[in-house]
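Below is one structure, written out as structure tokens, with a few remarks after it.
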Amino acid sequence: MPQIFDMILKNAMIVNHNGAGKRDIGIRNGRIVALGDLSRTSAGEVINCSGLHIVPGMIDSQVHFREPGFEHKEDLDTGSRAAVLGGVTAVFEMPNTTPSTTSSEMLIDKVIRARHRMHCDFAFWVGGTRENAHELGELERLSGVAGIKVFMGSSTGDLLVDDDAGVRAILRNTRRRVAFHSEDEIRLVERQHLRIENDVASHPVWRDDLVSLKSTERLVGIARETGTRIHLLHVSTAEEIAFLKDHKDLATLEVTPHHLTLSADDYALLGTLIQMNPPIRAAHHRNALWLGLQQGIVDVIGSDHAPHILEEKQKPYPASPSGITGVQTIAPIMLDHVNSGRLTLEAFVDLTSHGPNRIFGISRKGRIAVGYDADLTVIDLKRRETITNAAVASKAGWTPYDGRMVTGWPVGTIIRGHRVMWEGEIVTLSKGEPVEFIETLPHC
Ligand code: DOR
């Protein structure tokens, strides 16, 4: 029989935009070319996925892989290893490296470093600043660019646009959706005295809910003036969810697994490991994020993987840096929530692949459909595993979930038809390519 496909994945439960059902997936030249009963056809490789679920490859639209500048914390190789071990097929990487990704030279440098060295596909956020605002219209359309990212409150690195005029200039010069770290810098500076030496529980007191809400309200006001689409990263407060539900025409939003899983009660045990910006907050905020997610207000889940090594994290607060690892645990943590009934597997798919496809205009990724890239995450929904520091591929070498038992585990990562991870082993090395977007295609 002539080989019609390079690979067939058989007998899995496929969870997709059109519901869940048993279908085979036929792959040729890195793309999905057939869906349905393929039992009478042949392929170079046939993988029996009985008992497993297959979802569109997970796209993590917020990771910090630290290269160039902070390679002792992470680099594009180790960060993307962690990604594929966690079932993630593509990542969008943040610009707060050294130097920051604020010019075409720095962007091209990152793409050259990443191509065929990263294990998953990738795009890079370009940092928006007052200085480069006039060039952003061109920068945002370069190949390999996920969009423009702006820090309105200071965090790791020196990217900061704290004033309305600066934000306005950026939004006037951009057409793609612009992503924001939304914390109000003026209120942050005013409240710095509230940080208590050696007491990380004072972090959410300093960076309180109004720090986030004020900034988000200012931002939405400016975006409405300029008519620009915006994306709120790592939304952390009940008040922002209530506010943003009335601005869904303009604003999309992300929540992180750690804001959905941890609360301020966890500082006692986990200390500065769970120090991040915006902070892990009181449990009622976590509940509001879940409600927002269940009501469809939340568009995507991003890990905000922000590695720092233990030696740095163990400095006494506030000298300890903010950031939590997460790209390898986004699937285990969220699948465990699926198993405990907090979200459906369909919602998981919406938040980790359809959502990014829809709001960022990704070409050929984010659905299991003929003509799309064969990017797939293979899941054993019933597998019980313990998350451990020992299994963390990030250079940081730790996870806040060390010792946590979860149900649901990614067992395969397929990227453009290549089996990259299978049963916890990386089996194909370094084939990462830039993600393409509708707005960066040559004819657009
Ligand atoms: O806690 C954080 N850490 N929040 C950010 O926005 C940046 C990140 C980092 O890069 O370390």
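Counting convention: from 1, in listed order, for ligands and their atoms alike. For reference, positions follow the sequence shown, starting with 1.
Cation-pi geometry between R191 and W206 is not satisfied (NZ or CZ under 6.0 Å from the ring centre, within 45° of the ring normal). Note that K149 lies in the cation-pi zone of F151, set by a 6.0 Å cut-off to the ring centre and a 45° limit from the axis. Stacking of R176 on the aromatic ring of F437 is recorded, both the 6.0 Å distance cut-off and the 45° axial limit being met.
In terms of polar-atom proximity, H181 is counted as a contact of ligand 1, with an N or O under 3.5 Å from an N or O of the ligand. Any N or O atom pair closer than 3.5 Å counts here, and S322 shares at least one such pair with ligand 1.
Remark: ligand 1 atoms within the under-4.0 Å shell around heavy atoms of N96 are 9 (C), 10 (O). Heavy-atom contacts of F151 reach the following atoms of ligand 1: 6 (O) (cutoff under 4.0 Å).
With a 4.0 Å heavy-atom cut-off, ligand 1 is reached by the side chain of R66 but not by its N, CA, C or O. Of the heavy atoms in I324, none comes closer than 4.0 Å to ligand 1. Of all the heavy atoms of M276, the ones lying under 4.0 Å from any atom of ligand 1 are found in both the backbone and the side chain.
Shown here is Q192, whose CD atom has more than 12 heavy atoms of other residues, nucleotides or ligands within 6.0 Å. Counted within 6.0 Å of CG on D163, heavy atoms from surrounding residues, nucleotides or ligands total more than 12; the atom is thus considered enclosed.
Within the 4.0 Å heavy-atom cutoff, H308 counts among the residues contacting ligand 1. Heavy atoms of Q275 stay at 4.0 angstrom or farther from ligand 1.
For the pair I186/D162, no side-chain contact is recorded, criterion being any heavy-atom separation below 4.5 Å from C-beta on.
For atom 8 (C) of ligand 1, the nearest protein heavy atom (residue, atom name, distance) is A306 CB, 3.7 Å. Nearest protein neighbour of atom 9 (C) of ligand 1, counting heavy atoms only, is T156 OG1, 3.1 Å. At the top of the distance list for atom 5 (C) of ligand 1, counting protein heavy atoms only, stands S155 OG, 3.1 Å. The nearest heavy-atom contact from the protein to atom 1 (O) of ligand 1 is N277 N, 2.8 Å.
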Would you give me the side-chain donor-acceptor pairs under 3.5 Å for residues 286-298, sequence neighbours excluded?
residue: R286; atom: NH1; partner: T261; partner atom: O; Å: 3.0
residue: W290; atom: NE1; partner: L260; partner atom: O; Å: 2.9
residue: Q294; atom: NE2; partner: R342; partner atom: O; Å: 3.0

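For H231 and F360, the distance between ring centers is under 6.0 angstrom. The ring of H305 has its center closer than 6.0 angstrom to the ring center of F65.
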